[in-house]
Amino acid sequence: MIRIGTHRRPATWSRYPMEYALDRFTAEITAAIAATKRVPPELIELVTPKANIPADLAFPTFKAAKALGVAPPQLAAELAAQIQPTADVLIGAVVATGPFLNFSLHPERLAHMVLTTIALQGDQYGAQADGAGKTVVVDYSAPNIAKRMHVGHIRSTIIGQAIVNIYRATGHTVIGDNHVGDWGKQFGVVLAAIEREGQTRAVGEAALAELEAQYARYSTAAKEDPELDARARHWSLRLEQGDREARAIWQWCVNLTMSAAQRNYDRLGVQIDHAYGESFYEPMLAEMIQQALDRAVAFRDDGGAVVVENLQNLPTFLLQRSDSGTLYMTRDLATVVFRLREFAPSAIIYVVGEPQALHLRQLFALTRAMGYANDVALSHVAFGTIFDTTGQPLSTRRGNMVYLEALLDDAVARARSVVEQKSPELPDGEKQAIAEAVGVGAVVYNDLYQDPKRNITLDWERMLATEGNSATYLQYSHARCCSILRRAREDGGSGSHLDATLLTHPAEVRLIKHLARLPDALREAAERYAPFVIADWCYATAREFGVFFEQCSVLKAETPTLRSARLALTAATAQALRRGLALLGIRAPERM
RNA sequence: GGCCCGGUAGCUCAGUGGAUGAGAGCACUAGUCUUCGGAACUAGGUGUCGGGGGUUCGAAUCCCUCCCGGGUCGCCA
C-alpha cells in the first residue's frame, strides 16, 4: 500500500533523482543474465521488442550464441530455464521465443513503483543527475536589431528553449545566450538609411517595420549607387570605432527591438539568461585576429584581408575585410573564447538554421585549430527552413513574410473562437487565458513535433489542428484528467490509502508502462538534441490515456479502492503530461 | 563541380542493425455514445522504405554508386 498525494515531498527529490523503474528493470535483467555465468557481460545487449511481441525488454542471443558456439534458440532456452524471477523484482516473466530471451514487467510491482515515483517527484518527474556538475551554453533566438521577429527567428527561439528545458532536466547547469545580431555591415546600412531618411517617430513593432522599410529602400538604391554602399560601410566602421552619434542611434534601435522581442518571449515562455549580442565582442576582435595570425592559422593577403584557408579541407574564409572591418566569423570566434572563459562549459550548443552549417563547421574547426575548446563539445542543432503553403521560402521581398507577433495573435484569435464555441460558460478571463495557451501552444508544437532538421510548411490547418498529433489534443487530454480529479474532489471521496496493484486492466497496464518511459525519453531527447522525442512521448501518453478513459471508468469504478487507484493513475498521468508539455514550453490549462 | 541535409502510405511525419504485422496523424469509409468533457474512442492499408549493387545469421537502418529536391561554397549575417 502506498500513499499518494497526501504527504509532503522530501526536498531532496528534485535534486537527487531517484532510480526509475525501467532502469531498475534493465539492471535486474542484466544482472540475471550475468549471474548465469553463461554469457560474457560485454555481450549482454538488450533491445525493446516490437509492439506485437508480448514482452517489455529482450535479449537477442545471436552474438552470444555465436561466441559460445551454440544455436541461438538453444542458448535462449537454456538461459530462460536458469533465470527465476524472485518476488521482489520488476521482472515478471522470462520466456525464450526462438533466439530471443523475452522479459516482461511485473504489472503490479511496476504500477506501485511508477505511481510512487511520479507522486514523489511531481513536476520534476523524469529528472536526471547525468549532467550534475556540467555546464552547457545554449546559443539561441538571435533576433536582428532594427527588425521585427519573424518566422525565421521562431524556430531557433522555440527549439532553443526546449533544449534549455531538457538539459536543465538532465541535471546540467544551462546558460542561455541570445546572440543578438546588433553589429556588422548590415547595421551600417541601418544607420546610413536613418541618416538619409530621418529617424522614425513610430513606436513598438510599427517603428521596427519602418526601420525595415528604410533598410529595404536603402539596399535597393545602393545596388545602383556605389556611393551609398560606401556610405553604409563608413557608418559600420564609425560604429565599430565607438563614434558617439552612431552609438546613440544604435542604442535606440537595440532598446526598441529588445522590448518588442520581450513581449514575444513572455508569451512563448522563453527566458534567456544573457543577451550579450555581437557588439559585446568588439573589444576582443583585434586580439582574435592577432592570435590567428600569430598561431599561423590565418595570413594577411596582398589586399590586407586576413584569410584562413586549407583548414580541414573546408572552403577559405576571412577574419578581416580588406577595409579592416570585421566579420561574423571574427565575432563568433571571440564569442566562443568568451564563453569558454566565462562559463567553463562542457558543451556549447548552437541552435541555428541549416544554411549556416558550413559557417559553423568552419568556426568549430577554427576554434580548435587555434587551440581552444579541445575538451568542449561544439554542436550545431541545425533546423530547416519554413516555407509557405505554395512551397516558397518566406521573405519580405516576396511579400509573404509572417511576423511572430502577428502569428501568435492570429493563432490565439482562432483558438479563442473555438473556446467560445466549446466552453461558452467559462469566465471571460479564463477563456482568454485558455485561448492564449492553446493558440501559442499550437505554434510551439508545430515547431517541435518533428525532427528540427526538416523543412516545415507554415500551414494553418495543420498547425491549429485540434486532433491527432497536436498540442490541442495533448492539452485536452490533460484537461480531461483534471476534470476527473476535480469531480472526485467535489465528491469528497478520493481516499488517501491507495493500492496501485489493483491496476491490472490492459489499458491501465499500458498507460503505466508508458508513463514509466518519460525518463528514457528525456535522456534520449538530450542526447539527440531532439525535443520531438518528448513530443512523441506526450502524444503516445495522451493516446494511452484516451484508451484508458474509454475502457476504465474512474469515478464509477466497481469498488472504492479501485476508484482510488484509478484516481491516482489519472493524477499521475496529468502530472506527467504537464511535465512533458512544460519541457516543450507549452502550458496545460486545467479546463479548456 | 565540391560539401551538407532530405527522399518511408494520397498528404505530413516516426522508425537508422534484430522477431513471417514497416508504424502514427491527416484525409476517406463504417461504427461506438442515455459522454468520469465527442477537442474522444473503435475498425478499415496490394507502401518498388528514391533506383541498383554489396556487407551481415538478419538491412528502411551500415558501405559503394546513381537519380531527384533543398541548402551552401573569402570580403552579408
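Here is the naming used below: chain letters follow the sequence lines, and residue numbers restart at 1 for every chain.
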Point to revise | Heavy atoms from other residues, nucleotides or ligands near CZ of R510(A) exceed 12 (cutoff 6.0 Å) | key: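 Not more than 12 within 6.0 Å, no.
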**Study point:** Enclosure of E42(A) CD (heavy-atom neighbours >12, cutoff 6.0 Å)
**Key:**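 Atom CD in E42(A) is packed in, count exceeds 12.
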Distance (rounded to the nearest 0.5 Å) between [X] [atom1] and [Y] [atom2]:
| X | Y | atom1 | atom2 | answer |
| --- | --- | --- | --- | --- |
| R231(A) | D225(A) | CZ | CG | 12.0 Å |
| N144(A) | F187(A) | CG | CZ | 10.0 Å |
| R563(A) | E558(A) | CZ | CD | 12.5 Å |
| T30(A) | E45(A) | OG1 | CD | 10.5 Å |
| K185(A) | T326(A) | NZ | OG1 | 13.0 Å |
| N178(A) | T157(A) | CG | OG1 | 7.5 Å |

Under 4.0 angstrom between [X] side-chain N/O and [N] OP1 or OP2:
| X | N | result |
| --- | --- | --- |
| R331(A) | rA77(B) | yes |
| N52(A) | rG21(B) | yes |
| R321(A) | rC76(B) | yes |
| K50(A) | rA22(B) | no |
| R454(A) | rG7(B) | yes |

Exercise for review: Just label rG74(B) as syn or anti from its O4'-C1'-N9-C4 or O4'-C1'-N1-C2 angle, using within 90° of 0 for syn.
Suggested key: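 This nucleotide is in syn.
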In whole Å, what separates the [atom1] atom of [N] from that of [M]?
| N | M | atom1 | result |
| --- | --- | --- | --- |
| rC41(B) | rC36(B) | C1' | 15 Å |
| rC49(B) | rC62(B) | C1' | 16 Å |
| rC73(B) | rC11(B) | P | 32 Å |
| rG7(B) | rA14(B) | C1' | 15 Å |
| rU61(B) | rG70(B) | P | 25 Å |
| rU8(B) | rG52(B) | P | 15 Å |
| rA60(B) | rG50(B) | C1' | 12 Å |
| rU16(B) | rA22(B) | C1' | 13 Å |

Integer-rounded Å distance: [N] [atom2] and [X] [atom1]:
| X | N | atom1 | atom2 | result |
| --- | --- | --- | --- | --- |
| E45(A) | rA19(B) | CD | P | 15 Å |
| R300(A) | rG74(B) | CZ | C1' | 15 Å |
| E527(A) | rU16(B) | CD | P | 13 Å |
| D451(A) | rC13(B) | CG | C1' | 10 Å |
| Q356(A) | rC73(B) | CD | P | 10 Å |
| L57(A) | rG18(B) | CG | C1' | 14 Å |
| N469(A) | rA27(B) | CG | P | 14 Å |
| F387(A) | rG69(B) | CZ | P | 14 Å |

Please work out if [X] contacts a base, only the sugar-phosphate, or nothing of the nucleic acid, heavy-atom cut-off 4.0 Å.
| X | result |
| --- | --- |
| A51(A) | base |
| A58(A) | base |
| N102(A) | base |
| P49(A) | base |
| E354(A) | base |
| I456(A) | nothing |
| I53(A) | base |
| E278(A) | sugar-phosphate |

Exercise for review: Answer yes or no: is there an ion pair linking K453(A) with E354(A), defined by an N-O contact shorter than 4.0 Å?
Suggested key: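 Looking at K453(A) and E354(A), the cut-off is not met.
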**Study point:** Range-with-range stems of RNA chain B (Watson-Crick or G-U pairs under 3.5 Å, three or more in a row)
**Key:**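 Correct response: B:1-7 with B:67-73, B:10-13 with B:23-26, B:28-32 with B:40-44, B:50-54 with B:62-66.
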In terms of side-chain heavy atoms of [X], which of [options] is nearest?
| X | options | result |
| --- | --- | --- |
| F100(A) | rU12(B), rA19(B), rA14(B) | rA19(B) |
| S322(A) | rA19(B), rG6(B), rC75(B) | rC75(B) |
| R528(A) | rU72(B), rA24(B), rG15(B) | rG15(B) |
| P315(A) | rG18(B), rA14(B), rC73(B) | rC73(B) |

Point to revise | Contact nearer the 5' end of RNA chain B, comparing L358(A) with P99(A) | key: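 Here P99(A) is the residue nearer the 5' end.
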Practice item. Anything under 30° is parallel, anything over 60° is perpendicular, the rest tilted; go ahead and classify W183(A) against W250(A). Key: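 Perpendicular: the ring planes of W183(A) and W250(A) meet at over 60°.
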Exercise for review: Would you mind building the protein contact string for nucleotides 34-46 of chain B? One character per nucleotide, 5' to 3', B for base within reach (heavy atoms under 4.0 Å), S for sugar-phosphate only, - for untouched.
Suggested key: --BBSBBSS----
Point to revise | Aromatic ring proximity Y539(A)/Y449(A), centre distance under 6.0 Å | key: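 Not close enough - the centres of the two rings lie 6.0 Å or further apart.
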Point to revise | Aromatic ring proximity, centroids under 6.0 angstrom, F62(A) and F100(A) | key: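 Yes, they do, as the ring centres are separated by less than 6.0 Å.
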**Study point:** Verify stack between F62(A) ring and rG18(B) base, 5.5 Å, 30 degrees
**Key:**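 So yes, this residue stacks on that base, both cut-offs being met.
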Check your understanding: On the ring face of F549(A), is R480(A) found with NZ or CZ under 6.0 Å from the centre and within 45° of the axis?
Key ->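 Yes, R480(A) and F549(A) form such a contact.
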